[in-house]
Amino acid sequence: MHPFFDIKQVSNFQSSIMKTSPLQSFQFSIFNFQFNKSILALCFLLSILLSACTAREPHYTIGVSQCLDDAWRQKMNYEMEREMLLYPDLTLTRRIAYGSNELQCAQIDSFIAERVDLLIVSPNEAEEVKPAVNRAFRAGIPVIVADRRVTGDEWTAFIGGDNYKVGLLMAEWVSERFAFRNGKSQSAPFTVLEVAGLPGSTPATLRHKGLMEGLDRISSSVVIHTVMGSWYQDDAEKVVADYLRSHPLPDAVVAHNDLMAIGAAQAVQNSRKTETNSRIRSVPAIPIMGVDGIRPGLQAIVDGQIECSATYSSRGDLVIQTAAHILHGEPFVRDTVLETTMIDEAAAYPMLKQYEAITRDLQTFHIIQTQTESRWQQLRMDNKILWLCVVISVAFLLIALAYILFAQRRLQTEISHEILPQLENVQEAIQLSRRDEAFAERLRQVVDEHLTDPNLSVEYLGSMLQLSRTQLFRRVKTVAGKGPLDYIRERRLIRADEMLHTTDMTIQQVAIEYFGHLPSER
Ligand code: FRU
């Protein structure tokens, strides 16, 4: 047994740890590399999974700025909403300006601030609302101008009726009335009262222009008087009543829309009821023409309140289709001018029936819309919950990964700062003890060979082992725990003891042989 270690045990330990240490460290770094690689692969997979989950279809928000909220616009809104059902990636937000330019500009600005993806605008008055429309366009928002135009070309698409043609249709109708003259003498002037829409709006301007130019072409004996009804039935009723108080009865009335035509008809009717106004009571009803040809106008024609109207399409469906094309980067028509035709008494009735069907359709549509909306809400909710789960799971995974990385680092640090230095110490100790073991072996050999040599002294032993006296003393002390002389003596005693037990030699013979004198002599 070695004085310090059980050498065999230590060398086993060493061979299992130290001897293979370069290989071990190589394997360790390979392991590290592979471990890091698998973490990277896992992260990569996770990011693919996440990006697959996040790669949702883009969603677009459309802002709709409506100048008014009358029956014609409600029809347009309905057409838009119905078309929207075909585009689940589009959301529509509508704001109504109720005839106020300032409000409409503010609403457009709020759409710009909300960064809508597209703006649909029906400007109340072209010049007043134009700056806001331009702001939207310059902010990079595609702008579809619907029904009422803005001047300039800072818009993406236009869809609306042919207002100049509407004016021409009015002129044609007036000339027909002029030809009949209702029994009036040919020489008397033929007076037409024009009830115009809001002066700053493009339909009012163009309808007036079409009417005037159309009449110029047809006849020069028609006198036009214009009053402003601003698109509203009540306003029209008031301005026509005022007009009737101070003017002779006109031969015909053209109103820029059906609502104002109805207002004019009511004003005429009210004047006729007035006992004092005998001049009006004595003449037949005045023929009145409106524009739009939607439900209230058609009903007024069927009821005989007004004589006719001209179609003025809203085509909200086409507006949404164009918006979708623009947003999806598909080709679209920049300027779409919708056709217009006359609606007389014969056409009004079937059209009215059609509108009644549309109204029923509208009710069904609203039910479907509400149901669809609640389903969408449910879906959005489910989607949110799903996302929350995904986010929580990913967060957990990331925490786990971070922990693994942290633990790996800590292990590495422990190995390099604590375990490896300890192992180096052990290795050093083992090498030392190996050297000592070899020295102990050689010492015993040399001493045992010279046990009977009377010259065996510390100097003699030192010269044989090639060590100085001090070196010899230190090394013998290390491996044997005693000085060289005591060691020699101990070896002689062990050999003498062996001789006494294994040979016939007497104590005296053994003493002289190994110690050079008899035991009693010292
Ligand atoms: C509806 C309306 C219609 C008219 C159009 C002109 O708001 O007044 O009656 O034809 O706008 O823009």
Side-chain angles (χ1 to χ4, degrees), residues 64-80 94-101 103-104 107 120-130 133 144-151 155 158-170 194-211 227-237 239 253-265 288-301 306 308-316 318-319 336-343 355:
V64 179
S65 170
Q66 278 288 21
C67 50
L68 291 172
D69 191 32
D70 49 38
W72 189 88
R73 306 230 163 244
Q74 282 164 9
K75 176 177 165 274
M76 187 188 200
N77 295 341
Y78 154 68
E79 289 161 352
M80 286 195 203
R94 186 174 47 243
R95 285 176 194 151
I96 301 160
Y98 300 103
S100 157
N101 297 323
L103 182 58
Q104 188 160 33
Q107 289 173 342
I120 296 171
V121 59
S122 209
N124 190 50
E125 282 185 289
E127 286 307 313
E128 276 74 2
V129 181
K130 181 182 169 184
V133 175
I144 299 182
V145 180
D147 154 48
R148 300 185 184 180
R149 282 187 189 265
V150 278
T151 47
W155 40 269
F158 169 80
I159 296 159
D162 189 342
N163 286 298
Y164 184 74
K165 170 101 182 281
V166 170
L168 291 180
L169 286 180
M170 285 172 168
E194 178 194 23
V195 186
L198 196 64
S201 60
T202 42
T205 319
L206 289 170
R207 286 175 198 181
H208 175 72
K209 194 170 181 243
L211 173 67
V227 290
M228 299 298 166
S230 311
W231 303 119
Y232 297 109
Q233 181 172 336
D234 291 351
D235 287 12
E237 186 178 341
V239 290
V253 175
V254 283
H256 282 193
N257 71 8
D258 290 342
L259 292 180
M260 293 191 296
I262 295 167
I288 301 176
M289 176 182 171
V291 179
D292 279 349
I294 62 158
R295 206 167 193 281
L298 296 172
Q299 188 69 58
I301 298 172
I306 64 173
C308 63
S309 185
T311 54
Y312 186 67
S313 306
S314 43
R315 291 301 306 272
L318 188 61
V319 173
T336 306
V337 180
L338 305 168
E339 256 314 306
T340 181
T341 51
M342 280 299 277
I343 309 167
Y355 265 101

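Just follow the structure's listing: the first ligand is 1, and inside any ligand the first atom is 1. Note that this is a predicted model, so its numbers are computed, not measured. Quick note: residue numbers are just sequence positions, from 1.
Annotation: Trp231 places no N or O atom under 3.5 Å from an N or O atom of ligand 1; distance criterion only. Of the N or O atoms in Tyr312, none lie within a sub-3.5 Å distance of an N or O in ligand 1. At a 3.5 angstrom cut-off on N or O pairs, Asp292 counts as close to ligand 1.
Residue Thr340 comes nearest to Asp162 through the heavy atom pair CG2-O, 4.0 Å, listed as atom of the first residue, atom of the second, then distance.
Ion pairing between a basic and an acidic side chain is recognised when a charged N comes within 4.0 Å of a carboxylate O; Glu194 and Arg207 show no such pairing.
Comparing heavy-atom distances from atom 6 (C) of ligand 1 across Pro203, Ser314, Ser313 singles out Pro203 as nearest.
Residues passing the side chain to side chain donor-acceptor pair (under 3.5 Å) test with Lys130 are Thr151, sequence neighbours excluded.
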(message) Ser314 vs Asp147, test: side chain to side chain contact (heavy atoms under 4.5 Å, CB included). Steps then yes/no.
(response) CA-CA 7 Å; Ser314 43; Asp147 154 48; over 6 Å; no

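For atom 11 (O) of ligand 1, the nearest protein heavy atom (residue, atom name, distance) is Arg73 NH2, 3.0 Å. Regarding atom 1 (C) of ligand 1, its nearest protein heavy-atom neighbour is Asp70 OD2, 3.0 Å. With hydrogens left out, the protein atom closest to atom 12 (O) of ligand 1 is Arg148 NE, 2.7 Å, a heavy atom.
Contact annotation: Val291 has no heavy atom less than 4.0 Å from any atom of ligand 1. Look at Arg207 and you'll find a heavy atom under 4.0 Å from some atom of ligand 1.
A distance of 3.5 Å separates CG of Asp258 from OG of Ser309, quoted to the nearest 0.5 Å. Met289 CE to Ile301 CD1: the interatomic distance, rounded to the nearest 0.5 Å, is 9.0 Å. Between the CG atom of Leu103 and the OG atom of Ser65 there is a distance of 8.5 Å, given to the nearest 0.5 Å.
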Per-pair distances, 0.1 Å, donor-acceptor, side chain in residues 292-299, under 3.5 Å, sequence neighbours excluded:
| residue | atom | partner | partner atom | Å |
| --- | --- | --- | --- | --- |
| Gln299 | NE2 | Asp303 | OD1 | 3.2 |

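The Trp72 neighbourhood of ligand 1 comprises atoms 1 (C), with distances under 4.0 Å to a heavy atom of that residue. Short contacts between ligand 1 and Leu68, defined as distances under 4.0 Å to a heavy atom of the residue, involve ligand atoms 7 (O).
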